Protein chains: 2
Amino acid sequence: MENNILSKIIALDKTIHEPVRIAILTLLMVVEKADFIYLKSNLQITQGNLSSHLCKLETAGYVEIEKTFKGKRPLTLIKVTEEGEKNFKDYLLTIKSFIKQSGI
Amino acid sequence: MENNILSKIIALDKTIHEPVRIAILTLLMVVEKADFIYLKSNLQITQGNLSSHLCKLETAGYVEIEKTFKGKRPLTLIKVTEEGEKNFKDYLLTIKSFIKQSGI
DNA sequence: TAAATTAAGTTTGTATTGCAAACTAAAATT
DNA sequence: AATTTTAGTTTGCAATACAAACTTAATTTA
């Protein structure tokens, strides 16, 4: 038992453990779907940066990306998958128990 | 106010926000000094990996590295600096308030 | 109606990483 | 004398995060 929390920290899911992706997943947990522009304006990052992070999350199977149109303009909708949700919650629980043990 | 926590997450200190370095700093917070071997065996990572993370922390001014001898063998002692301690605590507080808001 | 601007993304380029494997140097053991 | 162990550092490389450049199409302006 004992300092097992440090091995859990070291084994943290790298797909999630990236600030921008933590923020993306946090937003996606509270809405059923979000569009690209909504995420971009909430996160205040460049479109290219958002695009590549979404690709990473999609490749990992953590989000689903649906390309549609609003009128004649492209509209990209993003939602978290069950797997993404589960792994994100696990991630949060590990962080939480780490914080608890840190005594902060 | 409101979703300001996400901008804090995105602005998280990259020198700290790396699992191995979080673990190193966590260990360094509870001892005055640690030696290389102590860190290596507690973290269960390769020496090369530990060496490079310590360099990164040293370059950032977050740890001080003192090379001495135990008998005739090299002994490397590592301690966290005041700046390292302050920034690590700030990091933990940000994570803590994020976890709190996440409702987990 | 031609030119410029805006919208909504994707692709490209690059400098930085994290890590394992290889290496160094000296001490201890066989 | 040769091998192994200890205590690290350096090297090599694949993966990454981000900004800048690009694409495509719609809209606005002159």
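Chain letters run A, B, ... following the sequence lines, proteins first and then strands; every chain starts at 1. None of the values given here were measured: they were computed from a predicted structure.
The closest donor-acceptor contact from the side chain of Ser51(A) to the backbone of Gly48(A) lies at 3.5 Å or more, if one exists at all.
Comparing atom distances between the Glu18(B) side chain and each of dA17(D), dG18(C), dA28(C) picks out dG18(C) as nearest. The side chain of Lys67(A) has dT10(C) as its nearest neighbour among dT10(C), dA8(C), dA7(D). Comparing atom distances between the Arg73(B) side chain and each of dA7(C), dA28(C), dC19(C) picks out dA28(C) as nearest. Among dA27(C), dT16(D), dC19(C), the nucleotide with an atom closest to any side-chain atom of Ser52(B) is dC19(C).
Lys56(A) comes within contact range of the sugar-phosphate backbone alone, with a heavy-atom separation under 4.0 Å but no base atom that close. If you check every strand for non-hydrogen atoms under 4.0 Å, Lys14(B) touches sugar and phosphate atoms only. At a threshold of 4.0 angstrom between heavy atoms, the contacts of Ile45(B) with the nucleic acid are absent.
For Lys89(A) and Glu85(A), the salt-bridge test passes: some basic side-chain N is under 4.0 Å from an acidic carboxylate O.
Between the CG atom of Leu75(B) and the P atom of dT5(D) there is a distance of 21 Å, rounded to whole Å. With rounding to whole Å, Lys40(B) atom NZ is found 12 Å from dT5(D) atom C1'. Distance Gln47(A) CD to dA20(D) P: 13 Å, rounded to the nearest Å. Taking atom CG of Asn49(A) as the reference point, atom C1' of dA8(C) lies 16 Å away to the nearest angstrom. Distance CZ (Arg21(B)) to C1' (dT17(C)): 8 Å, rounded to an integer number of Å. Between the CD1 atom of Ile78(B) and the C1' atom of dA7(D) there is a distance of 11 Å, rounded to whole Å. Rounded to whole angstrom, the span from the CD atom of Glu66(B) across to the P atom of dG8(D) amounts to 12 Å. The nearest whole Å value for the distance from the CG atom in Leu50(A) to the C1' atom in dA8(C) is 11 Å.
Distances shorter than 4.0 Å separate some side-chain N or O of Thr46(B) from OP1 or OP2 on dA20(C). Checking the phosphate oxygens (OP1, OP2) of dG8(D), no side-chain nitrogen or oxygen of Ser51(B) falls inside 4.0 Å. Phosphate proximity of dG8(D) to Thr76(B): present, with a side-chain N or O under 4.0 Å from OP1 or OP2.
Within the 4.5 Å cutoff, the side chain of Leu25(A) has heavy atoms near those of the Leu57(A) side chain. At least one side-chain heavy atom of Lys33(B) sits under 4.5 Å from a side-chain heavy atom of Glu66(B).
No side-chain donor-acceptor contact under 3.5 Å links His17(B) and Asp13(B).
The residue among His53(B) and Leu77(A) whose nearest nucleotide of DNA chain C lies closer to the 5′ end is Leu77(A).
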